[in-house]
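In what follows, chains carry the letters A, B, and so on, assigned in the order in which the sequence lines appear, proteins first and then strands, with residues in each chain numbered from 1.
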Amino acid sequence: MKTFLEQVKKRLKAAAVSTFGDELNDFEPVIDAASNPAFGDYQTNIAMVLASKVAQPPRTVAQKLIAAVDLSDWCQTPEVAGPGFINLRLKKEYLESLLDSIKDDTRIGIPLASPASKIVIDMSSPNIAKEMHVGHLRSTIIGDALARTFSFLGHDVLKINHVGDWGTQFGMLIAHLKDACPSALSEPDKVNLGDLVEFYKEARKNFDASEEFQNSSRQEVVALQSGNPESIQAWQLICNQSRKAFQEIYSLLDVPDLIERGESFYNSMLPDVVSDLKSCGLLVEDQGAQCVFLDGFLNEQGEPLPFIVKKRDGGFNYATTDLAGIRHRVKEDHADELIYVVGAGQSAHFAQLQQVARKAGWLPEHVKMGHVPFGSVLGEGGKKLQTRSGETVRLKDLLDEAVASARAELEGRLKDEQRSESEEFISQVAQAVGIAAVKYADLSLNRITNYIFSFKKMLSLQGNTAPYMMYAYVRVQGISRKGGIDFTKLDNSECLKLSKDAEVTLAKCLLKFDEVIDSVVQDLMPNRICEYLFQLSQVFNQFYENCPVLNADEPARTSRLLLCDLTARTLKVGLSLLGIPLVERM
RNA sequence: GCGCCCGUAGCUCAGUGGAUAGAGCCCCCGCCUUCUAAGCGGGUUGUCGUUGGUUCGAAUCCAACCGGGCGCGCCA
């Protein structure tokens, strides 16, 4: 209904200008969805906003506006209500014509963005030689959902995996492997990620205990950083084994097309970052470190805080790497927008990073940069999520458990309903439902707050959960199977007719999808899609209860089939924007 | 000490200037000879952390305070 809203705003503005004068030329009307169905479909507060400007009572202003505006092609006669709201009620015929115009559109009426932008999304970012854990879940799936949404709108999206693949820990690991498992350093597939994690723990222990080992670790770091071929080979083998494990998770989660550009990718650019900061006069040496002093960030003494780009020991840190990333994404990728899906704890870092990049001129004004922060995943009781033994939860284990729970649930239900299904069906549905449940539970919450992780809640078959949405879709597919309906070959020359309330309500909901996508892109909040899809599913289920489809007489039958098909396609597109799968039966 | 985020129904959470603040779960009641009842209908639930301010109008904006989390110069 986006275009509807724009047109109404245009007419309301024209009416305001013609009634009250040219000084309202820069006035922008606001129209919102009605807060209550009793108030119609849309409401506008413009009369209240204008009242003080034109020195007339709000209700009088509203009456005059109504008299001056003609919305009769779309709405019933507008009503003035309460303190001065103007309430709009859509005409059935208009809804029917709108549905008619999107029913043959594969994009169900969602226009492509114009112009298209190049959007670079920094997301996921696990560490080499460590397991992916719950901490990586949100960045990965929120980033993916945003990427899918932008792509659907026609933007050119680059998903970057800024993996932790460089640093002193590799010296430690390589030094330890030389003693403990030398073949791992020269032959592929000698060890897997799990082994590496164990070796890493041992290395850490050695490092803390033995001065000799500390020295050999440091030597390995130097060898690696100076490009010693054996060290590089060992490092690459370690990275490859980690990648395999990460890829397994990305496949499970269906997060495709991540471009790996780890810390090492930027190594060669770091000296330039520092020297260029120097030549533009931003660089200051302080206590041996090279820094840029920041505006608006103070230390305990109230002095400006430094943004350190070169440590006292001559090494670079993540600030330098991130600056190099910005430069590269702007210059080489030609990004119009940089998005960082990183935990809320990093917000100060990103604010500082942006300030320095702007000052240095690496981030031109026309390039947007946004940190998309999110809260933590907590365990029951609101404490940090961990296993019974107190360790961080591996993402793989978490996903496997979700699939196993979904399977148990499904098998129980099949037994109750005395249905018999193939092993292939069971495992396929359990997989889809389990993964969908985890992703949906996360994406459906406002990302900024922490949330409490609960298998029981997310796999619950009622409420705002993935299974509920998937079931609504399955119901439509059930109708098509039962009636032998091929939705793509529906004879829809007869236009849609909305007769019952449930049909009208469903129609209105279907037509709001574009507004929702708009707000998601605006605020980078995927939970809005979930909220919408839940509402759509509820409205569809009410329709399903009240309006028999296959047994209805024409023309209601075809009209309802069209509504079913549009619902299914909207659910499919909506869930696809979240990276959540659907099944035909469950 | 400074900065950021959070505080909404018993529980988990939506809602960031608009009309009587919503949903799901939980609990109770009703609905399967009809497209999968993983569904639908009905019922109960609130000092929107506190106090002040701005506004025609505040859960929403501002200030102070209380409670919780996170961050604050050489880890990333």
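Here C40(B) is in the anti range [glycosidic angle more than 90° from 0].
In this structure, the ring pair (Phe, Tyr, Trp, His ring centres under 6.0 Å) partners of F543(A), at least two apart in sequence or on a different chain, are F540(A). With sequence neighbours excluded, no residue forms a ring pair (Phe, Tyr, Trp, His ring centres under 6.0 Å) with F297(A). Residues passing the side chain to side chain donor-acceptor pair (under 3.5 Å) test with R329(A) are D122(A), Y266(A), sequence neighbours excluded. Listed by chain and number, the residues in a side chain to side chain donor-acceptor pair (under 3.5 Å) with Q225(A) amount to none (sequence neighbours excluded). With sequence neighbours left out, N299(A) forms a side chain to side chain donor-acceptor pair (under 3.5 Å) with E303(A).
Base pairing in RNA chain B gives the following stems of 3 or more Watson-Crick or G-U pairs, range against range and under 3.5 Å: B:1-7 with B:66-72, B:10-13 with B:22-25, B:27-31 with B:39-43, B:49-53 with B:61-65.
Residue G483(A) is out of contact with every strand shown, counting any heavy-atom pair closer than 4.0 Å. C530(A) comes within contact range of no nucleotide atom at all, as no heavy-atom separation falls under 4.0 Å. Across all strands shown, M586(A) has heavy atoms under 4.0 Å from base atoms, whether or not it also approaches the sugar-phosphate. At a threshold of 4.0 angstrom between heavy atoms, the contacts of L298(A) with the nucleic acid are absent. Within 4.0 Å (heavy atoms only), A81(A) reaches at least one base atom of the nucleic acid. No contact: E409(A) has no heavy atom under 4.0 Å from any strand.
Distance, Y468(A) OH to G24(B) P: 8 Å, rounded to whole Å. Computed from coordinates, the F540(A) CZ to C40(B) C1' distance equals 13 Å when rounded to whole Å. Regarding H349(A), its NE2 atom lies at a distance of 20 Å from the P atom of C70(B), rounded to whole Å. Rounded to whole Å, the distance from CD on Q542(A) to P on A37(B) is 15 Å. Separating the CG atom of N36(A) from the P atom of U20(B) is a distance of 10 Å, rounded to the nearest angstrom. Following rounding to the nearest Å, D32(A) (CG) and G17(B) (P) show an atom-to-atom distance of 9 Å. For the pair F307(A) CZ and C72(B) C1', the computed distance is 13 Å after rounding to whole Å. With rounding to whole Å, Q538(A) atom CD is found 7 Å from C40(B) atom P.
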Any protein N or O atoms within reach of nucleotides 74-76 of chain B? Criterion: under 3.5 Å, listing atom names and distances.
unit_1, atom_1, unit_2, atom_2, d
C74(B), O2, R312(A), N, 2.7
C74(B), N4, Q287(A), O, 2.7
C74(B), N4, R312(A), NH1, 3.4
A76(B), O3', E263(A), OE2, 2.2
A76(B), N6, Y318(A), OH, 2.6
A76(B), N1, Q346(A), NE2, 3.3

Sub-3.5 Å pairs of nitrogen or oxygen atoms, protein against nucleotides 27-34 of chain B:
unit_1, atom_1, unit_2, atom_2, d
U34(B), O2', N551(A), ND2, 3.4

Could you list all N or O pairs between the protein and nucleotides 9-15 of chain B that sit under 3.5 Å apart?
unit_1, atom_1, unit_2, atom_2, d
C13(B), OP1, I452(A), N, 2.8
A14(B), OP1, N446(A), N, 2.7
A14(B), OP1, N446(A), O, 3.4
A14(B), OP1, T449(A), OG1, 3.2
A14(B), O2', E531(A), OE1, 3.2
A14(B), O2', E531(A), OE2, 3.2
G15(B), OP1, N527(A), ND2, 3.4
G15(B), OP2, N446(A), ND2, 3.0

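Comparing the C1' positions of C29(B) and C62(B) gives a spacing of 48 Å, expressed to the nearest Å. For G43(B) and C26(B), the C1' atoms lie 14 Å apart once the distance is rounded to whole Å. The separation of G39(B) from G24(B), taken at their C1' atoms, amounts to 15 Å, rounded to a whole angstrom. Taking atom C1' in both G53(B) and A14(B), the straight-line distance is 28 Å, to the nearest Å. Across the P atoms, A9(B) and G49(B) are found 8 Å apart, a figure rounded to whole Å. Rounded to the nearest Å, the gap between the C1' atom of G41(B) and that of U60(B) is 33 Å. A distance of about 25 Å separates the P atoms of U44(B) and U50(B), rounded to the whole Å. On the C1' atoms, C48(B) is 15 Å away from U20(B), given to the nearest whole Å.
Nucleotides of RNA chain B nearest to L410(A) and N87(A) differ in position, and the one nearer the 5' end is that of N87(A). Heavy-atom nearest nucleotides on RNA chain B were determined for I86(A) and for F534(A), and the one closer to the 5' end corresponds to I86(A).
A donor-acceptor pair shorter than 3.5 Å cannot be found between the side chains of K512(A) and Q535(A).
The pair R481(A)-E584(A) fails the salt-bridge criterion, with no side-chain N (NZ, NE, NH1 or NH2) lying under 4.0 Å from an Asp/Glu carboxylate O. A salt bridge is defined here as a Lys NZ or Arg NE, NH1 or NH2 lying under 4.0 Å from an Asp or Glu carboxylate O, and E503(A) with R560(A) meets this definition. Remark: K415(A) does not engage E411(A) in a salt bridge, criterion side-chain N to carboxylate O under 4.0 Å.
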Name each donor-acceptor pair under 3.5 Å that joins a side chain in residues 426-433 of chain A to protein atoms two or more places apart or in another chain, with its distance.
unit_1, atom_1, unit_2, atom_2, d
S427(A), OG, E423(A), O, 3.2
S427(A), OG, E424(A), O, 3.2

Exercise answer: donor-acceptor pairs, residues 312-321 of chain A side-chain atoms, under 3.5 Å, sequence neighbours excluded:
unit_1, atom_1, unit_2, atom_2, d
D313(A), OD1, G315(A), N, 2.7
N317(A), OD1, A319(A), N, 3.2
N317(A), OD1, T320(A), N, 3.4
N317(A), OD1, T320(A), OG1, 3.0
N317(A), ND2, I308(A), O, 3.1
Y318(A), OH, H349(A), ND1, 3.4
T320(A), OG1, V309(A), O, 2.7
T320(A), OG1, N317(A), N, 3.2
T320(A), OG1, N317(A), O, 3.2
T321(A), OG1, N317(A), O, 3.2

Nucleotide by nucleotide, 5' to 3', does protein get under 4.0 Å of the base (B), only the sugar-phosphate (S), or neither (-) in nucleotides 56-64 of chain B, counting heavy atoms? ---------

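Residue-nucleotide stacking is present for F85(A) and A19(B), judged by a side-chain ring centre under 5.5 Å from the six-membered base ring centre and planes under 30° apart. Residue ring and nucleobase are stacked for F39(A) and A19(B), with a centre distance beneath 5.5 angstrom and an angle between planes beneath 30°.
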So F170(A) and E220(A), side chain to side chain contact (heavy atoms under 4.5 Å, CB included) or not? Walk me through it. CA-CA 8 Å; F170(A) 290 100; E220(A) 287 302 335; over 6 Å; no

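Below 30°, between 30° and 60°, or above 60°: for W166(A) and W235(A) the angle between ring planes is above 60°, a perpendicular geometry.
Using a 4.0 Å cut-off, no side-chain N or O of N464(A) falls inside it from OP1 or OP2 of A23(B).
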